[in-house]
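Below is one structure, written out as C-alpha cells; comments come after it.
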Amino acid sequence: MTPDASLLLHWYDHHRRTLPWRAAPGQQADPYHVWLSEIMLQQTVVQTVIPYYQRFLARFPTVDALAEAPQEEVLQLWAGLGYYARARNLHACAQAVHKLRAFPRTVEGLQTLPGIGAYTSRAIAAIAFNIPTVPVDGNVERITARLNAVEDPLPAARPLLARLASHLNDDPAAQARPSDFAQALFDLGASLCSPRSPSCLTCPWRDGCLARARNMAEALPARQKKKARPTRHAILFRVIDPEGRVLLRSRPPEGLLGGTDDLPGTPWSESQSTPSPARLAETAFTRYAPLQAQWEDCGEVKHIFSHFTLLVRIYGCTIPAQSNYPIPPKHGRFRFLKEAVLSSVMKKCLLVGDRHRPVPG
DNA sequence: GATCCGTGGCC
DNA sequence: TGGCCAAGGAT
C-alpha cells in the first residue's frame with residue numbers, strides 16, 4: 001500500500017530533529033554538509049557522528065579544503081569512527097568533486113563517486129537537491145517491511161523492500177517536498193518506528209500499516225541468522241622510549257584498519273591454528289618481539305570487530321635513557337600519541353595496564 | 001549472493 | 001554476558 005505522505009510530513013513538521021548538518025526549515029541544505037554527514041552515518045549512529053562531523057567541518061569548511069588536505073590528516077580526524085575505507089573514499093571523493101567543480105546533481109552522477117552507492121546517492125539527491133527519490137537505508141527498510149508486513153528475512157528481502165519503498169514516492173505530496181520526505185522517513189524510523197518496541201499508537205501511518213494490524217510490527221523485518229564470530233589471538237608489544245613515545249607500525253593502506261597505526265607483534269591468528277598460550281608467547285618473544293627485553297605482562301584486551309573477536313595480550317617494556325637498542329624498521333618507529341592514527345582497538349591496547357604506557361597526548 | 005570492513009550502546 | 005543493531009559500499 002502507499003500511505004498518505006502528507007500525514008508523515010505533518011508529523012515531521014512538528015517533531016523534526018535538529019541535527020548539525022540539517023538546514024533550517026524552508027532552507028536548502030549545503031551539499032557538502034549533506035554528503036559529509038551521510039558518509040559518516042553509514043552504519044553509524046547519530047550520537048557517535050556528531051562530534052566527528054563538527055571537527056571535520058571546523059577543520060575542512062569546504063569540500064575543496066578537504067580535497068587539498070593530506071590523507072594522513074583526514075585519517076587522523078577519522079580515527080575511532082571505524083570502517084576506515086570510508087575515510088579513504090571520502091578523501092578521493094572530495095578530490096573528484098574538486099575537479100568537477102561541484103557535486104553532480106543526479107543520482108547516477110553521484111553514484112559514480114567513490115564511497116557513494118545506491119543509498120547515499122539518493123540521500124544526497126533528495127536532501128541536498130530536492131530530487132524526488134527514496135533513499136532506502138535500514139530505517140526505510142524497516143518501515144517498508146512493517147507497512148507491507150513483509151516476512152521474508154533480510155538480506156534476501158532487500159530488492160523487494162527497495163521496490164516497495166520506491167512507491168512511497170507515488171504520492172504527489174511526497175514529490176512536492178523530497179528533502180523533507182526523506183528526512184521524515186529517517187526521523188520516523190529513529191523515533192516511532194524503531195527496531196524495538198515501536199510506538200504504533202502515535203504513528204502518523206498507523207492506519208494503513210499491515211504489521212500493526214497483525215500485531216507483528218516489533219518482529220519485522222526478519223533477519224537471516226548470522227554465523228558465529230570466530231576468535232583470533234595476538235600478542236602485541238608496547239615499547240616506550242625515554243621520551244614517552246611508543247613504537248608503532250603503519251598498517252597497509254587497504255584492508256582491516258587500513259592506514260591506521262598499530263603495535264608490533266604476532267599475526268592475528270585464527271583460534272584453530274593457535275598453539276597453546278604458552279607456546280604462542282614463546283614464539284612471540286623469539287620471533288616477533290621488536291627487541292630482547294624483560295617483558296612485563298600489561299594485561300589483555302578484548303575487542304569485537306564485525307566479523308571476528310580479537311583477544312590481545314600486551315607485553316611492555318620501557319627503554320632506559322642513554323641506551324641504544326637498535327630496532328629493525330619493520331617493527332615501526334617511535335611516535336607521540338598525537339602524531340598517530342589510532343583505531344579504537346589500538347587505543348585500548350595502548351592504555352591497558354598501568355606500566356609502560358606512552359605519555360598522554 | 002556472500003564476504004569483508006569498526007565501533008559503541010542496549011537489553 | 002553475548003547477540004543485536006546502526007543514515008552501506010566495495011569486491
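Side chains included, hydrogens not; waters and symmetry mates left out as well; all remaining heavy atoms used. First the proteins, then the strands, lettered A, B, ... as listed; each starts at 1.
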Practice task
Return no unless some side-chain N or O of S344(A) is found under 4.0 Å from OP1 or OP2 of dT7(B).
Solution key: yes
Practice task
Please check the phosphate of dC5(B) (OP1 and OP2 only) for any side-chain N or O of H307(A) closer than 4.0 Å.
Solution key: yes
Practice task
I would like to know whether S343(A) and R251(A) meet side-chain hydrogen bond (donor to acceptor under 3.5 Å, both in side chains); could you show each step before the answer?
Solution key: CA-CA 11 Å; S343(A) 61; R251(A) 296 181 65 86; over 6 Å; no
Practice task
Please check if the side chain of R146(A) supplies one atom and the backbone of A217(A) the other of a donor-acceptor pair under 3.5 Å.
Solution key: yes
Exercise for the section: Indicate, with a heavy-atom threshold strictly under 4.0 Å, whether T48(A) touches base, sugar-phosphate, or nothing. Expected result: nothing
Problem - Euclidean distance, atom CZ of residue F308(A) to atom P of dC4(B) [Å, nearest integer] - result: 10 Å
Handout entry: Heavy-atom donor-acceptor pair, E218(A) side chain to S197(A) backbone, under 3.5 Å
Key = yes
Exercise for the section: Between L256(A) and K227(A), just flag the one whose closest nucleotide in DNA chain B comes earlier from the 5' side. Expected result: K227(A)
Problem - Rounded distance (Å) that lies between atom C1' of dC5(B) and atom CZ of R88(A) - result: 10 Å
Handout entry: Sugar-phosphate only, base, or nothing, as touched by V345(A) at under 4.0 Å among non-hydrogen atoms
Key = sugar-phosphate
Practice task
Before accepting this row, confirm whether a basic side-chain N of the pair R313(A)/D297(A) lies closer than 4.0 Å to the acidic partner's carboxylate O.
Solution key: yes
Problem - Sole candidate of E38(A), Q111(A), Q42(A) that passes side-chain hydrogen bond (donor to acceptor under 3.5 Å, both in side chains) when paired with Y119(A) - result: E38(A)
Practice task
Please state the C1' separation for the pair dA6(C) and dG1(B) - nearest whole angstrom.
Solution key: 22 Å
Practice task
Could you tell me whether the side chain of P204(A) reaches within less than 4.5 Å of the side chain of L192(A), counting heavy atoms only?
Solution key: yes
Exercise for the section: Measure the distance from CG on L257(A) to C1' on dT7(B) and round it to the nearest whole Å. Expected result: 11 Å
Problem - Whole-Å P distance, dA7(C) and dC5(B) - result: 23 Å
Exercise for the section: Assess R177(A) against F181(A): is NZ or CZ under 6.0 Å from the centre of the six-membered ring, and within 45 degrees of the ring's axis? Expected result: no
Practice task
Mind calculating the distance between NE2 (H303(A)) and C1' (dG9(B)) to the nearest angstrom?
Solution key: 14 Å
Practice task
Quick one, give me the B/S/- string for nucleotides 1-11 of chain C, reading 5' to 3', where B means a protein heavy atom under 4.0 Å from the base and S means that only happens at the primed atoms, P, OP1 or OP2.
Solution key: -S--SBBBSS-
